[in-house]
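Structure first, then comments.
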Amino acid sequence: MAGALAALALLAGCGGGNNGGAIVSGVDRPDTHGYLGTYLDPPFVVPDIALTDTSGQQVSLAAEPAPLKVVFFGYTHCPDICQIMMSTIASALVRIPAAERARVQVTFVTTDPARDTGPVLRAYLDHFNAHFAGLTGPLPKIMRLASPLKVYLAKGTKLASGGYEVEHTTYVFAVLGTRATVIWTQGTSPSDMAADITKLLKTKESA
């Protein structure tokens, strides 16, 4: 059992591909610290890399001052999982008091910068919550941000329409300061995510 809990495969979505065999060690531990998501021990560290937000400003996730940052890597042309995960985040936030919501910054980092310009991201995110932030930029910079978080991304299946899918990790990250301490998967319910967000906001790090 200890061996099985020592590693957890990252899931790649939006096309149903695999993740190239990427494995994250030391993710799923018997001690969940009371979280319903997966507690990261040690946490992943968010690098200080600036990307462009939907208003054209340079923003670094590592420097974002919000007490709790909820981060998802995805793309606007995603046919399924991205919409599900963003809907889960939006539904989780409406389950917590407004004062707590104000302390959470949700950020969507595109895995498809060729198509996801600032205006495209803004229109997409407004369907979920007008306060959600979107980040885009050169793909190499996005990959440098994604790598320490063990996020896999790659161009996948070409579609009959002429477009393409992007295979990517489908975790949602809870970030306190520069540390990703909890991850939520596709199976996480809005109520479970809301409970974890409330708990995270009570920690010393987010005070």
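Below, all heavy atoms of this structure are taken into account, side chains as well, without hydrogens, waters or symmetry copies.
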Take L68 and L176, measure what side-chain contact (heavy atoms from CB on, under 4.5 Å) needs, and give me the verdict at the end. CA-CA 5 Å; L68 175 63; L176 297 171; 3.8 Å; yes
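- Taking 4.5 Å as the limit, some side-chain heavy atom of I81 sits within range of a side-chain heavy atom of Q186.
- Of the inter-residue distances, the one linking D80 atom CG with C78 atom SG reads 5.0 Å to the nearest 0.5 angstrom.
- Residues D116 and T76 have side chains that bring a donor and an acceptor to within less than 3.5 angstrom of each other.
- Put simply, CE on M86 and CG on L125 are 5.5 Å apart, with the number rounded to the nearest 0.5 Å.
- Side-chain polar atoms of S55 and D53 form a donor-acceptor pair below 3.5 angstrom.
- Inter-residue side-chain proximity for T88 and F72 is flagged as unmet; no heavy-atom pair is nearer than 4.5 Å.
- Looking only at distances, no side-chain donor or acceptor of S147 sits under 3.5 Å from a matching main-chain atom of R144.
- Within the structure, the ring-ring contact (aromatic ring centres under 6.0 Å, His included) test picks out the following pairs touching residues 79-108 (sequence neighbours left out): F108-Y124.
- Annotation: the span from L36 atom CG to S189 atom OG amounts to 7.5 Å, rounded to 0.5 Å.
- Expressed to the nearest 0.5 Å, how far CZ of F173 lies from OG1 of T181 amounts to 11.5 Å.
- Between P148 and V45, every side-chain heavy-atom pair lies at or beyond the 4.5 Å cut-off.
- Annotation: side chain to side chain donor-acceptor pair (under 3.5 Å) contacts involving residues 56-69, sequence neighbours excluded, comprise D48-S60, T52-Q58.
- Checked for salt-bridge contact, R115 and D112 meet the test: a charged N lies under 4.0 Å from a carboxylate O.
- With sequence neighbours left out, the side-chain hydrogen bond (donor to acceptor under 3.5 Å, both in side chains) criterion links R122 to T54, D126.
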